[in-house]
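The sequence lines fix the lettering, A, B, ..., with proteins before strands; numbering per chain opens at 1. The structure presented is a predicted model; accordingly, all values stated were derived computationally and were not measured.
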Amino acid sequence: MGLKKLIKTATFYEIIQGMSVTGGYFLKDKVTVEYPKEKIAPHPRFRGMHALITDPETGRLNCCACRLCETICPPQCITIESSEGPNNEKSIDVFDIDLARCIFCGFCEEICPCAAIVMTTVYELATYDKNDFFLDKEKLVANQVNARKELNRR
Amino acid sequence: MSGAPTNGHAHGAEEVHRPTLEELKERKLYTRQRVHEGQETITVSMGPQHPSMHGVYQAVVDLDGEIIVRTRPGIGNLHRGVEKLAEQMTYHQFIPVTDRLDYVASFAMNHGYCEAVEKLMGVEVPRRARYIRTIAHELTRLANHILWLGVHIMDFGAQTFFLICFRDREYILDLFEMVCGARLTHSYARIGGVSKDLPEGWVGRCRSVVDFLPKRFDEYERLITSNRIFNKRARNIGIFTSEDCNAWRITGPTLRSTGVARDLRKDEPYAAYDEVDFEVAVEYNSDVYDRFLVRMKEMRESCKIIRQCLDNLPDGPYLADDAAHVLPLKKNVLRDSAAMIQDFMHVIHGPHVPKGEVYRAIEVPKGEMGVYIVSDGGPKPQRLRLSTPSFYHGQAVPAMFEGEMLSDSVGIFGSIDVVLGDCDR
């Protein structure tokens with residue numbers, strides 16, 4: 001054991017060195033955010049709660065009931081039922097997403113050929129009632145105010 | 001200290017002594033306590049709910065006093081049947097499931113799976129996509145090692161350091177959120193490239209993070225490297241020589257801490273690793289302290305790799321133009337009918353896959369992750385086998401624990417970096 005190391009051991013050099021790092025944080029700004037009072041805005045690509053987009057002119061859903069999202073969804077959390085109107089128009093009767101099953105992989109948004117289903121930056125999904133995880137068509141359409149439309153173009 | 005094998009760790013400017021395998025074996029024999037045959041033992045179950053255990057790993061240990069005589073590992077508490085799930089999903093659909101293997105380093109898992117599928121299908125990945133993958137993989141490695149470091153030091157009793165590490169990991173998770181929309185389960189890699197291009201301003205932000213993190217690593221080193229408590233506790237425990245590592249199929253930083261420069265990024269380059277300049281982090285003493293040093297070196301090397309990739313980031317497509325195997329670009333789907341047909345074909349029928357078997361291994365943060373796929377020509381794999389590092393590391397735990405003190409056991413277990421999602425699959 002060298003003399004230098006002996007002195008370092010005797011004077012608790014490395015403890016003081018470490019404590020200087022920890023003590024330095026007394027003087028620095030906080031990096032934490034007090035969550036319920038202030039929130040960090042998610043980035044635009046954030047994959048949160050889904051939304052269904054309607055055409056602003058006609059008010060109809062963009063969705064053409066092709067069921068691609070239902071097919072590709074890995075946990076199979078999407079249920080779609082559709083019917084055909086008199087003028088061969090498809091109308092969506094049921095569009096349900098079970099958020100309790102959803103893994104937020106973003107495949108539904110990625111493969112949708114009509115840019116109808118998107119994922120929004122809504123992330124506060126914790127709830128006391130399991131029924132709140134069940135999103136029907138009305139809830140999904142209502143959530144489109146949170147959607148960033150330019151994102152559909154990747 | 002007479003009769004004790006010399007401690008090979010370097011002190012300051014002293015020359016590094018590289019112990020030979022024989023010396024290490026001798027040191028291992030010396031540091032492990034001798035177990036007396038026929039002694040009465042107490043059986044203690046550590047985990048799956050033990051607060052100091054990592055994840056849901058169960059270790060039922062037989063104790064002679066404080067010395068561990070035998071360990072019976074119990075795994076499978078997080079078993080989800082991922083390999084069976086793969087047989088019911090198309091090759092595209094399985095990508096989000098690979099996130100859930102090693103949830104600390106999920107991009108690495110995406111990447112390994114996609115590399116294997118690309119090898120099976122013969123898809124050539126564009127140069128930009130390979131660079132983006134390299135960057136994302138190294139960011140994952142940083143996030144994984146920083147988290148590991150915090151938890152590992154907490155095993156030895158330092159609480160504050162855990163929070164310091166979590167703060168720095170946040171910068172990396174933020175970058176991931178910006179690029180792919182998720183903080184932990186990225187699902188970013190796709191067959192033939194990545195799912196989204198880098199957003200505006202990402203490159204500058206990433207560069208500032210990798211310039212800034214090495215300063216944090218200096219801070220870590222000032223706190224930990226020469227700290228006497230950590231030194232006393234981590235040195236010369238859990239010695240596992242290169243011979244043992246080969247016998248138990250241990251890879252990654254644990255193997256590199258025994259002086260074996262085995263790194264698939266160098267040995268069998270994938271993505272853009274053959275175009276960047278980096279060193280393989282190697283240490284020689286094979287104990288818990290050296291595994292810490294290897295990971296510290298690796299983090300600095302990762303920053304170096306990312307910086308080089310950002311400097312040389314080429315322009316071009318981020319997804320291969322291959323209608324038979326790759327999902328189309330969303331912007332083409334909305335405008336072009338051929339791309340829309342491609343979209344429908346991929347979702348309903350799945351990609352076009354040749355018959356055959358393929359094995360591809362890559363270096364994920366914890367070690368070597370191999371994917372073995374048997375294809376019968378259908379859109380779903382006939383059999384998919386994942387050989388992930390944590391499983392092999394977890395099974396070596398009885399051999400590592402034998403003769404060690406119970407109080408060191410959690411530190412040793414932490415040093416090999418086992419994530420149970422990766423282990424149980």
Side-chain angles (χ1 to χ4, degrees), chain A residues 1-2 4-5 8-9 12-25 28 30-33 40-48 62 64 66-76 102-116 119-121 123 151-154, chain B residues 11-14 85 89-90 92-97 99-100 158 160-161 163-164 167-168 170 174-183 185-187 190 195-197 199 218-220 222-231 327-335 339-340 343-344 346-348:
Chain A
M1 192 188 280
K4 208 173 166 186
K5 186 163 180 281
K8 279 189 176 178
T9 314
F12 291 89
Y13 176 74
E14 87 287 342
I15 302 277
I16 295 166
Q17 193 185 32
M19 289 305 281
S20 71
V21 174
T22 321
Y25 283 109
K28 287 180 188 164
K30 281 195 298 183
V31 290
T32 47
V33 168
I40 301 174
H43 290 290
R45 282 181 182 180
F46 188 81
R47 304 199 298 252
N62 276 356
C64 59
C66 66
R67 293 166 179 247
L68 285 193
C69 49
E70 194 185 21
T71 315
I72 202 160
C73 182
Q76 299 167 6
C102 181
I103 60 173
F104 297 95
C105 63
F107 264 126
C108 49
E109 181 190 27
E110 194 175 324
I111 53 94
C112 182
C114 321
M119 297 183 96
T120 62
T121 53
Y123 62 93
L151 278 180
N152 297 338
R153 316 288 165 193
R154 255 217 264 191
Chain B
H11 295 299
E14 285 170 44
L85 270 178
M89 288 179 167
T90 65
H92 296 300
Q93 270 181 307
F94 190 61
I95 293 168
V97 183
D99 282 336
R100 276 83 185 162
T160 320
F161 194 68
L163 298 172
I164 292 181
R167 177 199 59 189
D168 295 342
E170 201 66 20
D174 202 41
L175 284 176
F176 269 117
E177 189 190 320
M178 202 167 160
V179 71
C180 64
R183 289 157 52 82
T185 50
H186 308 127
S187 307
R190 288 285 178 275
S195 69
K196 296 180 180 86
D197 204 359
D218 292 340
E219 216 166 72
Y220 298 172
R222 279 167 65 202
L223 268 168
I224 299 299
T225 312
S226 56
N227 185 288
R228 68 183 66 187
I229 301 167
F230 183 63
N231 271 263
L327 283 171
L329 296 180
K330 176 97 182 193
K331 61 172 189 284
N332 293 345
V333 173
L334 296 173
R335 296 186 191 111
M340 192 190 271
D343 194 27
F344 271 76
H346 272 283
V347 176
I348 294 166

*Asks:* When only pairs under 4.5 Å are counted, which of B/Arg228, B/Met340, B/Arg222 shares the most heavy-atom pairs with chain A?
*Replies:* B/Arg228
*Asks:* What part of A/Lys8 is in contact with chain B, defined as an atom under 4.5 angstrom from a non-hydrogen atom: side chain, backbone, both or neither?
*Replies:* backbone
*Asks:* Sort B/His346 into side chain, backbone, both or neither according to what part of it lies under 4.5 angstrom from a heavy atom of chain A.
*Replies:* neither
*Asks:* Kindly indicate whether the side chain of B/Asp343, heavy atoms from C-beta on, has any atom under 4.5 Å from the side chain of A/Leu68.
*Replies:* yes
*Asks:* Could you tell me which of A/Ile15, A/Val31, A/Ile111 has the largest number of non-hydrogen atom pairs under 4.5 Å with chain B?
*Replies:* A/Ile111
*Asks:* For the residue pair A/Phe46 and A/Tyr123, categorise the inter-ring angle as parallel (less than 30°), tilted (30 to 60°) or perpendicular (more than 60°).
*Replies:* perpendicular
*Asks:* Can you tell me how far the NZ atom of B/Lys330 sits from the SG atom of A/Cys112, to the nearest 0.5 Å?
*Replies:* 5.0 Å
*Asks:* Sort A/Cys73 into side chain, backbone, both or neither according to what part of it lies under 4.5 angstrom from a heavy atom of chain B.
*Replies:* backbone
*Asks:* Pick one of side chain, backbone, both or neither for B/Ser226, based on which atoms fall under 4.5 Å of a heavy atom in chain A.
*Replies:* both
*Asks:* Please check if atom NZ in A/Lys30 has more than 12 non-hydrogen atoms from other residues, nucleotides or ligands closer than 6.0 Å.
*Replies:* no
*Asks:* Partners of B/Arg190 by salt bridge (charged side-chain N to carboxylate O under 4.0 Å, His left out), sequence neighbours excluded?
*Replies:* A/Glu110
*Asks:* Which atoms of A/Pro42 are under 4.5 Å from chain B, going by heavy atoms: the side chain, the backbone, both sets, or neither?
*Replies:* both
*Asks:* Relative to chain A, which of B/Glu170, B/Glu177, B/His92, B/Met89 shows the most heavy atom pairs under 4.5 Å?
*Replies:* B/Glu177
*Asks:* With sequence neighbours excluded, tell me which residues meet salt bridge (charged side-chain N to carboxylate O under 4.0 Å, His left out) with B/Arg167.
*Replies:* B/Glu219
*Asks:* For chain B, find which of A/Pro113, A/Cys114, A/Gly18 contributes the most heavy-atom pairs closer than 4.5 angstrom.
*Replies:* A/Pro113
*Asks:* Under a 4.5 Å heavy-atom cutoff, which of B/Ile164, B/Asn332, B/Asp174 has the most pairs with chain A?
*Replies:* B/Asp174
*Asks:* Rounded to the nearest 0.5 Å, what's the gap from CZ on A/Phe107 to CG on B/Leu327? Could you check?
*Replies:* 6.5 Å
